[in-house]
Amino acid sequence: MINQSGSALAMLQKQLKELDQIFQETMETLNTVAGAERVAKWKARTTALITESLGQKEGQRFAALQPGPSFTNDLVDEFTDLVDYFKVPLQDLAKRLTQTAPPPSSGN
């Protein structure tokens, strides 16, 4: 279980980094349509990884996340909201894993 929690936490951190990278590249190019497409692909990969690492229930919970309509008429703001919409639940899941994982044993 310790290795499973550790590897799941590492996977979540990697996915968060990928999402941050998508965000940074999109902000540089300001191509929010391509960014949203990359986020959709990222979400599909992340859902599969969560299902594999943490089980069907967590995978389905993440897959069910569907952002609602946005009415800001600011594409950059809407893209930022989209990224945050997926980032926050992943951060919360990583936090839960950290809290439930037993502390690493010190080698004597």
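Numbers here simply count residues along the sequence, with the first being 1.
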Distance (rounded to the nearest 0.5 Å) between [X] [atom1] and [Y] [atom2]:
X   : Y   : atom1 : atom2 : result
K17 : Q15 : NZ    : CD    : 11.5 Å
K14 : T46 : NZ    : OG1   : 9.0 Å
F86 : Q91 : CZ    : CD    : 14.0 Å
Q21 : T26 : CD    : OG1   : 10.0 Å
E52 : T47 : CD    : OG1   : 12.5 Å
L12 : L97 : CG    : CG    : 6.0 Å

_Checking A36 now: which residues fulfil side-chain contact (heavy atoms from CB on, under 4.5 Å) with it, not counting sequence neighbours?_
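side-chain contact (heavy atoms from CB on, under 4.5 Å) list for A36, sorted by chain: L82.
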
*What pairs meet the salt bridge (charged side-chain N to carboxylate O under 4.0 Å, His left out) rule with one or both residues in residues 69-94, with sequence neighbours excluded?*
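Residue pairs with at least one partner in residues 69-94: D20-K87.
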
_Pairs meeting criterion salt bridge (charged side-chain N to carboxylate O under 4.0 Å, His left out) with involvement of residues 35-46, two or more places apart_ =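 The answer is E18-R45, E25-R38.
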
Contacts table for residues 60-68: side-chain donor-acceptor under 3.5 angstrom, sequence neighbours left out:
from: R61; atom 1: NH1; to: E58; atom 2: OE1; distance (Å): 3.4
from: R61; atom 1: NH1; to: E58; atom 2: OE2; distance (Å): 3.1

*asked:* Please tell me whether V88 and M11 are part of a single hydrophobic cluster in this structure, the criterion being side-chain heavy atoms less than 4.5 Å apart.
replied: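 In one cluster with V88: M11, no.
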
_Transitive ILVMFWY side-chain link V39 to L75, under 4.5 Å_ =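 V39 does not cluster with L75.
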
*Any side-chain heavy atom of T98 within less than 4.5 Å of one from L9?*
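T98 reaches L9 side chain to side chain.
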
*Minimum side-chain heavy-atom gap W42-V83 below 4.5 Å*: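 A side-chain contact is absent here, since even the closest heavy-atom pair is not under 4.5 Å.
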
